[in-house]
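What follows is one structure encoded as structure tokens, with my remarks underneath.
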2 protein chains.
Amino acid sequence: MITVEEILRKQDLRGTACRRFIINGLLESDRALSENELKGDFPELFDRVTFYRTLITLEEHGIIHKIVLNDNSVKYALNSHHQNENNLHSHFHCEECDEVLCLEGKTRFEAELPDNFVSHSVFVVIEGFCADCASHIK
Amino acid sequence: MITVEEILRKQDLRGTACRRFIINGLLESDRALSENELKGDFPELFDRVTFYRTLITLEEHGIIHKIVLNDNSVKYALNSHHQNENNLHSHFHCEECDEVLCLEGKTRFEAELPDNFVSHSVFVVIEGFCADCASHIK
DNA sequence: ACATGTAATGCAACAATGTTGCAAATATAA
DNA sequence: TTATATTTGCAACATTGTTGCATTACATGT
Ligand SMILES: [Mn+2]
Ligand SMILES: [Mn+2]
Ligand SMILES: [Zn+2]
Ligand SMILES: [Zn+2]
């Protein structure tokens, strides 16, 4: 399993507490996390702006990616959670418990674009119920 | 072509200036529009909150839908811009000129969800270049 | 045309999030 | 250990989302 220091080193990024904190949080989680979920029990550990800029830095270096949901909320996940190399970023969002998962592997999307349109990347959010919530509800 | 009054009547909605303004704007546009794009030359015509609440009302009554883009910006389009009845909302967003189109018809998406997950609806945003921008760039 | 009840509006106020500039603190490499 | 470039925290401001409430407008029946 890859370590935080390796991830930072590979991108020529300095090792700072905030970067380590965020990457660790995502490494330990099997789902995507919002800024507040990441902060968890330490909401004041880093300045809001530092956290904000660190997320940008990690995204720019291809370590994490942002997932914007239909309710305007945002979650983050490690890029390593996506296996496919075809620029298809697909995610599941549970309407009940709000959990967000990166969908690895077997996703497929096809769209017929207007003439001469060029596609660079595709973002998919599937809204529904996760297994737990589906069994509890009705 | 359906008229604004018909759209409102069909949903048992009162005819107010703000509702007519928004629906008209979207009827006359072939693309999805942001709140500011909708307001156009009359940014102060309605109170910000009225505009906000009117968009919610129109969405709740199934007249328009919201499109949340990867940069957290939001656009709106008439529901009639989508032909398919399978809860697949798919959109194109030009990274250069920022135009957003509802993709009608020929889109297909398949994903293998984890066991017992239930899908209710799927939102897709394709990022790329529209025809105009693709020809101007490089 | 008018009165009436209901629904929509404008305004104030606040919350949440995004964004920048800058001086102080820190990480790395020499 | 020192030098330098980077990162941090803070203040400040922008944008957008959200609610409560008093005023105004709409649609319906008279
Ligand atoms: Mn993901
Ligand atoms: Mn659409
Ligand atoms: Zn759930
Ligand atoms: Zn374009």
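Lettering follows sequence order; numbering is per chain, from 1.
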Exercise for the section: Select base, sugar-phosphate, or nothing to describe what T54(A) touches, counting heavy atoms under 4.0 Å on all strands. Expected result: sugar-phosphate
Completion exercise
R53(B) atom CZ is separated from dT16(D) atom C1', nearest whole Å, by 15 Å
Fill in the blank from the handout: For E96(A), the side chain to side chain donor-acceptor pair (under 3.5 Å) test, sequence neighbours excluded, returns none
Problem - Partners meeting side-chain contact (heavy atoms from CB on, under 4.5 Å) with R108(A) (sequence neighbours left out) - result: E110(A), R108(B), E110(B)
Exercise for the section: For the helix from dA1(C)-dT30(D) to dA30(C)-dT1(D), figure out the bend between the end axes, five pairs an end, and round to 10 degrees. Expected result: 30°
Practice task
Using heavy atoms and a sub-4.0 Å distance, could you list which residues of residues 42-51 of chain A are near DNA chain C? By number, please.
Solution key: R48(A), V49(A)
Handout entry: Intermediate values then yes/no, side chain to side chain contact (heavy atoms under 4.5 Å, CB included), N70(A) and H93(A)
Key = CA-CA 9 Å; N70(A) 222 244; H93(A) 178 211; over 6 Å; no
Problem - Nearest-angstrom distance from the residue atom OH of Y52(B) to P of dT15(D) - result: 18 Å
Fill in the blank from the handout: Here the distance between atom P of dT18(D) and atom CG of L55(B), to the nearest Å, is 12 Å
Problem - Partner residues of E6(A) under the side-chain contact (heavy atoms from CB on, under 4.5 Å) criterion, sequence neighbours left out - result: I2(A), T3(A)
Problem - Expected output: side-chain S29(A) to main-chain L26(A) donor-acceptor under 3.5 Å - result: no
Problem - All salt bridge (charged side-chain N to carboxylate O under 4.0 Å, His left out) counterparts of E127(B), not counting sequence neighbours - result: none
Handout entry: Set of residues satisfying side-chain contact (heavy atoms from CB on, under 4.5 Å) with respect to A17(B), sequence neighbours excluded
Key = F46(B)
Practice task
Could you walk me through whether E35(B) and K75(B) pass the salt bridge (charged side-chain N to carboxylate O under 4.0 Å, His left out) test, one step at a time?
Solution key: CA-CA 7 Å; E35(B) 185 172 328; K75(B) 305 227 182 194; over 6 Å; no
Exercise for the section: Among residues two or more places apart or on two chains, list those pairs meeting salt bridge (Lys or Arg N to Asp or Glu O under 4.0 Å) that have a residue in residues 16-26 of chain A. Expected result: E5(A)-R20(A)
Problem - Where chain B begins and ends its contact with DNA chain C, read 5' to 3' at 4.0 Å from heavy atoms - result: dG5(C) to dG18(C)
Exercise for the section: Tell me which residues in residues 9-29 of chain A put a heavy atom below 4.0 Å from DNA chain D, sorted by number, or none. Expected result: R14(A), T16(A), C18(A), R19(A)
Problem - Interatomic distance, N36(B) CG vs dG17(D) P [rounded to whole Å] - result: 10 Å
Donor-acceptor pairs under 3.5 angstrom involving side-chain atoms of residues 50-64 of chain B: please list them, not counting sequence neighbours.
residue, atom, partner, partner atom, Å
T54(B), OG1, T50(B), O, 2.7
T57(B), OG1, R53(B), O, 3.0
H61(B), ND1, T57(B), O, 3.0

Practice task
Would you check, one step at a time, whether the test side chain to side chain contact (heavy atoms under 4.5 Å, CB included) holds for F129(B) with F117(A)?
Solution key: CA-CA 6 Å; F129(B) 289 155; F117(A) 276 50; over 6 Å; no
Practice task
Check side-chain contact (heavy atoms from CB on, under 4.5 Å) between N79(A) and all other residues, then give those that pass, not counting sequence neighbours.
Solution key: H65(A)
Practice task
Following the transitive rule for hydrophobic clusters with a side-chain heavy-atom cut-off under 4.5 Å over Ile, Leu, Val, Met, Phe, Trp and Tyr, establish whether F109(A) and V122(B) coincide in one cluster.
Solution key: yes
